Amino acid sequence: MPTQLKYSATPGKNTDIVLIVQAAQPALPEDLSQEEATYVQQQVAQETNIIALNRYTHRLYLVVAPKAKTEQSAHEALRQAGYNLLKLIKADKVRSVEVSDTTGSRAALYLAEGLYLSNYQFQKYKTKDAKPSPLENITIADTAISEEEVQELQHVLEAVTIARDLVNEPHSHQSAEQFSEQLEELGQEAGFKTEVLDEIKIQSLKMGGLLAVNQGSEDPPTFTIMEWKPEQPVNNKPYVLVGKGVVYDTGGLSLKPTPQSMDFMKSDMAGAAAVAGVMYALAKNKLPLHVIGLVPATDNRPGGKAFAPGDVITMHNGMTVEVLNTDAEGRLLLADALSFAQKYHPALVFDLATLTGAAARAVGKEGLVAMGNAGDEIMQALKKTGEQVHERLVEFPLWDEYKKHIESDIADLKNLGGIDAGAISAGKFLECFTSYPWVHFDIAGVAYLHGEDSYRGKLATGAGVRLIYHYLRALAH
Ligand code: BES
Ligand code: ZN
Ligand code: ZN
């Protein structure tokens, strides 16, 4: 059962309460006893961040508003406080909390966000020893925040949960076709349209990149088109989101090693999952924007008919590509989706992909790697949104010289760059298939974590959902 986020204009009685207070002059509830008030003052003086009081009829958690240099870092510190608070809440087996704020800011939203995201678990395959979190309900009780805002936040956090669930689902239970079915179900639930193109249709569209990657597979590829078109969108030309949907990446004939490589490649559809999450949040929140999501999906494996290093393939747009490494498969199916996107005459196209280990090596799990040709204004706005939601991005260049990295002796392009600048040569490859403003996000470092990292958790993070949703939201208002 996912966590429920609710709104209440009137603080309840006898429910477990989280109160955000200022360190300098904490505004404490009036009914604290002298001893309690003294204890709280002592704790504040000792710089304790969260002070728990058991008041017998209910628990009271005082969260001291973290000191921070900027508004953005204050918000992030509150999300992190939500993660720390959850540890106490779990130990106390609390089912419902009400979050109120005495600092006169919008702190409750950020604390609740951190609490909610930290409360995520993926336990569907535990037949015993499942440890469900006791926390089921988070109520924001703050008259400075509207019910609509809480509702919107709930939908965005559900979208992150959906993206995490899709990524955590193992390939044994998620072929390309099963993945597409999930996207169709999401569309039904949220209210966006879906169309799933099957193998025959993909063949007739001559999507040579997607088909080549699929050659070694037992399962057919799919190409899912999601569309959110409200009645009066503010944009004439749609925004298009493309997500890499490699449901499992063995590397193909250029086989990956197992430890810390192939063993987590069920996550290679995290870009597609993020796109699906964004579509869900847009539709649920009825944003007045026309947005299309495209997901080319297949697994990549070395079956008898598998494509091989040295092959030349013809892409959806007619260009030829010499395949020199079958593990550089993401760019092949993304390229087909990017040239397909042209038919929508898009205002702007984003693609999200766990594309290169090089991106992960360059910035680790701390940021998304972004590059593109959409211009500085869009890139700056994305960076700003990235700071606000703490999904920060680092821009890499797409200088002309990088084109040399992907020149083939016998075809128009090769799918492999040099030993250096691997994230960029992959981006440069994609650029060859774009003819509109476009930004590529390489989320290889952030999509899936091998250790717990605060409210991002362990395993799938749902990276990209909050960034892209909030960027688009700003365009809608
Ligand atoms: N799916 C991988 C990239 C990846 C690596 C994602 C680590 C998440 C974590 C991608 O398909 C891949 O294998 N890329 C190769 C490209 C290389 C052969 C040019 C890589 O990064 O090694
Ligand atoms: Zn690969
Ligand atoms: Zn891959």
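One-based numbering, in listed order, for ligands and for the atoms of each. If you're wondering where the values come from, they're calculated on a predicted model, not measured in any experiment. Position 1 is the first residue of the sequence, and the numbers go up from there.
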*Could you see which bit of Asp268 sits under 4.0 Å from ligand 1, with heavy atoms only: side chain, backbone, both or neither?*
side chain

*Those atoms of ligand 1 less than 4.0 Å from some heavy atom in Lys244*: 1 (N), 10 (C), 11 (O)

*Do NZ/NE/NH1/NH2 and the carboxylate oxygens of Lys458 and Asp453 come within less than 4.0 Å?*
no

*Between Asp351 and Lys244, is the closest basic N to carboxylate O distance under 4.0 Å?*
no

*Answer with yes or no whether the side chains of Glu391 and His470 bring together a donor and an acceptor at under 3.5 Å.*
no

_Distance from atom 16 (C) of ligand 1 to nearest protein heavy atom, with residue and atom_ = Arg331 NH2, 4.0 Å

*Have a look at ligand 1 and work out which part of Met269, if any, has a heavy atom under 4.0 Å from it: side chain, backbone, both or neither.*
neither

*Please work out whether the ring planes of His171 and Tyr248 are parallel, tilted or perpendicular, with thresholds of 30° and 60°.*
parallel

*Can you tell me the protein heavy atom closest to atom 15 (C) of ligand 1 and the distance?*
Asp327 O, 4.0 Å

*Look at the N, O or S atoms of Gly251, main chain and side chain alike, and state whether any lies under 2.8 Å from the Zn ion (ligand 3).*
no

*What class does the angle between the rings of Tyr448 and Phe264 fall in, given that below 30° is parallel, 30 to 60° is tilted and above 60° is perpendicular?*
parallel

*What atom name does the N, O or S atom of Glu329 nearest to the Zn ion (ligand 3) carry?*
OE2

*Should the pair Glu431-Lys403 be classified as a salt bridge under the 4.0 Å nitrogen-to-oxygen rule?*
no

*asked:* I'd like to know whether ligand 1 has Tyr448 as a neighbour, heavy-atom separation below 4.0 Å.
replied: no

*Atoms of ligand 1, numbered as shown, that sit under 4.0 Å from any heavy atom of Thr354*: 1 (N), 2 (C), 3 (C), 6 (C)

*Aromatic centroids of Tyr116 and Tyr455 separated by under 6.0 Å*: no

*Mind telling me whether Phe441 and Phe350 have parallel, tilted or perpendicular rings, with 30° and 60° as the class edges?*
perpendicular

*asked:* Only heavy atoms of Glu329, strictly under 4.0 Å: list the atoms of ligand 1 that pass.
replied: 11 (O)

*asked:* Pairs of nitrogen or oxygen atoms closer than 3.5 Å, one from Thr356 and one from ligand 1: do any exist?
replied: no

*Using a 4.0 Å heavy-atom cut-off, say whether Leu355 meets ligand 1 through its side chain, its backbone, both or neither.*
backbone

_Just to confirm my numbers, could you give the angle made at the Zn ion (ligand 2) by O of Asp327 and OD2 of Asp249, rounded to 10°?_
170°

*If you draw the axis of the six-membered ring of Phe122, does the NZ or CZ of Arg164 fall within 45° of it and under 6.0 Å from the ring centre?*
no

*Which atoms from ligand 1 have a heavy atom of Phe264 less than 4.0 Å away?*
9 (C)

*What's the shortest distance from atom 2 (C) of ligand 1 to any protein heavy atom, and which residue and atom give it?*
Asp249 OD2, 3.6 Å

*Looking only at distances, please establish whether an N/O atom of ligand 1 is found under 3.5 Å from an N/O atom of Asn325.*
no

*Salt-bridged, Arg301 to Glu218, with N to O below 4.0 Å?*
no

*Which protein non-hydrogen atom lies closest to atom 20 (C) of ligand 1, naming both residue and atom, and how far is it?*
Gly357 N, 3.8 Å

*asked:* Between Glu76 and Arg79, does any side-chain N to carboxylate O distance fall below 4.0 Å?
replied: yes

*Where is the nearest protein heavy atom to atom 19 (C) of ligand 1: which residue, which atom, and how far?*
Leu416 CD1, 3.3 Å

*Name the orientation class of the two ring planes belonging to Phe433 and Phe429 (parallel below 30°, tilted from 30 to 60°, perpendicular beyond 60°).*
tilted

*Identify the closest protein heavy atom to atom 7 (C) of ligand 1: which residue and atom is it, and at what distance?*
Met265 CE, 3.9 Å

*asked:* Show the atoms of ligand 1 that are less than 4.0 angstrom away from any heavy atom in Lys256.
replied: 2 (C), 12 (C), 13 (O)

_Whether Glu395 and Lys383 form a salt bridge (side-chain N of Lys/Arg under 4.0 Å from carboxylate O of Asp/Glu) is what I want to check._
yes

*By atom name, which N, O or S atom of Asp268 is the nearest to the Zn ion (ligand 3)?*
OD2

